[in-house]
Amino acid sequence: MEERTQDYRFVTTAEDLAGVAKTLQGAEVIGLDLETTALSPRDGRVRLLQLATLEETFIVDVFEAVDLSPLTEILEGGPVKVGHNLKFDHQFLDALHSVSLSPLFDTMLAAQVIDGGNYAASYSLESVAERYVDESLDKSEQRSDWSGKLSEAQLAYAAQDARVLLSLHERLAASLEEEELERISRIEFEAIPTIARMELAGIKLDVARWKELEVTVRERRDRAAERLESFFPPPEGVLPLEGLGPRLNLNSPKQITDAFRTLGIDLSDTKVWTLLKVDHPAAKALLEYRELQKKLGTYLETYPGFISPKTGRIHANFLQCRVPTGRLACTAPNIQQIPHEDEFRRCFVAEDGNTLVIADYSQIELRILAEVSEDPAFVGAFQRGVDLHSLTAATMYNVSMDEVTKVQRTAAKRINFGLMYGRGARSLSAQLGTDEERGRQLIDEYFANYPKVQRFLQRTANRAMRDRTLRTLAGRLRKFGNDPVADDRGAMRREAMNFPIQGAASDIAKLALIYVREELEGLDARLINSIHDEFVVECADERAGEVSEKTRAAMVRAGEEILEKVPVEVEVEVSREWRK
DNA sequence: AGTGAGAGCCAC
DNA sequence: AAACGTGGCTCTCACT
């Protein structure tokens, strides 16, 4: 070793790397951390790789020892690699050194899983170390320049970061065991490589098509704005110059409310639901303006800016444990909220010679409700392959299955979904356009047909109020705060009713993330988007059939591992464009 | 100039 | 309280 101090060994040559590998061979756990010259492997390189065991800490200068192959066996198998936000480390090592870290223990995800959705303000290594092992870290070197000659302070910092992971692991692993969170944490850890690769792969936006859409939407927006403004003539008597500037900001709810008052219309707010009830052409114009402005501002004008100049693709950021129910969240940009219309989704395309495989779970949340409630009619419908919305409509309206009208099925569908979210009579009747009495009647009717669904929802809400804690089928924990104000009781009960359903769907989706990667290994196919119950895979044209079946198989396997009584179905489409 | 709350709306 | 759960993003507006 070139340099040796009490705290760490600094490694710079291939020969030394081989020695490190030998030393680490028998280790059970290794604290692993990287220092990089940028936050994305597209923009920066790995400078340091730190590996810590209880006995010693190695700091590898990756600028000097670029070839990490002596460590491959250690990094891709054997000891558990403990890291903080391993998605980051996985991406750098995968993209720049062809190393796929495994098996994993992520201290950030562990802390989040333990907190059960009652999230702390920060899950930085510094914060988690302070909370769990009462150790305060000096992070002043974190954003220092890692590309030049390294100072003693930088190396000491790097070594400390890797070492603290070991004590954190010990403490967090004990908590996971105590709280019976081993299964769910294992799912989270094993899903990391899939999510890391999904971000690296990115998604292709057909910019020409997108810009074309942008132009037409802008024209439509401008026309809607003109029409809207024509209802609000400028006050008389203004001097010519004063009338020139923009006088009414159409994006300001406050100014819109004031403007409508001049028409004799008092708006409580300017939400869609409110405006729909206003029988005035200005309200229609505003609704149209709003829709187009949203599409322009949020999507059309913004998304091209997210395209990486290095890859020509959009690399979104998926947040693995931010949502209490276990769903992924997505930012910068959120590619889980692209408008569903064809004109938007058809702009997301496969590369030349490739195609998209779009696979989604069929009614997964309703299947989960059937499973957890054990309602015989509900379970039976899925087992027989009967359309649940039609069945619900038939029983609620007292007609036979083939007499159910479209309107009745739509109403039944809304009830099926609404009640999963703890929806009440008033809001249901509002959506259905009936009075509250009729809404009450429909709900009573519904629960008379599916008594165990009602019992499940009530019991779940009661248990949450009593125990302040709930679990999903795979064991994900949700802790509820201790002091709900009286006003929040309803909200908490609704959240509680929804958690086991949305949460189990997330359990299944995360398990599927693991299986999809296993199935597609070595196939020239990669996951490029995950929208809760839908996966988008991009693959070589000639692989489409195989990839479709393997993706479906992975998703069904995940579903059936969690659901025992109810079958799971996955629908798969193949298209060059992202659409159904 | 940056920040944060509020309003509103996109997805599942 | 349009009381339907989970998010993220854009815009306004008031504040520092």
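Because the structure is a prediction, the values reported are computed rather than measured. A note on names: the letters A, B, ... follow the listed sequences, proteins ahead of strands, and every chain is numbered from 1. Every heavy atom of this structure was used, including side-chain atoms; hydrogens, water molecules and symmetry mates were not.
A donor N or O paired with an acceptor N or O is not found under 3.5 Å between the base of dC10(B) and the side-chain atoms of K294(A). Below the 3.5 angstrom threshold, one finds no donor paired with an acceptor across the side chain of R290(A) and the base of dC9(B).
Residues E538(A) and K204(A) are not paired through a salt bridge, judged by the lack of any N-O separation under 4.0 Å between the basic side chain and the carboxylate. We find that E190(A) and R517(A) are not joined by a salt bridge, their nearest charged nitrogen and carboxylate oxygen being 4.0 Å or further apart.
Using cut-offs of 30° and 60° on the angle between ring planes, the pair H389(A) and F417(A) is tilted.
Proximity of T270(A) to the phosphate of dG8(B): a side-chain N or O atom is located under 4.0 Å from OP1 or OP2. Remark: R494(A) is in phosphate contact with dG5(C), judged by side-chain N or O atoms under 4.0 Å from OP1 or OP2.
Looking at heavy-atom distances under 4.0 Å, Q431(A) makes contact with a base. R322(A) comes within 4.0 angstrom of sugar-phosphate atoms only, judged by non-hydrogen atoms across all strands, and of no base. Q502(A) comes within 4.0 angstrom of a base, heavy atoms only.
The closest side-chain heavy-atom distance from F306(A) to I335(A) is not below 4.5 Å.
Listed in residue order, the members of residues 440-447 of chain A having a heavy atom less than 4.0 Å from DNA chain C come to none.
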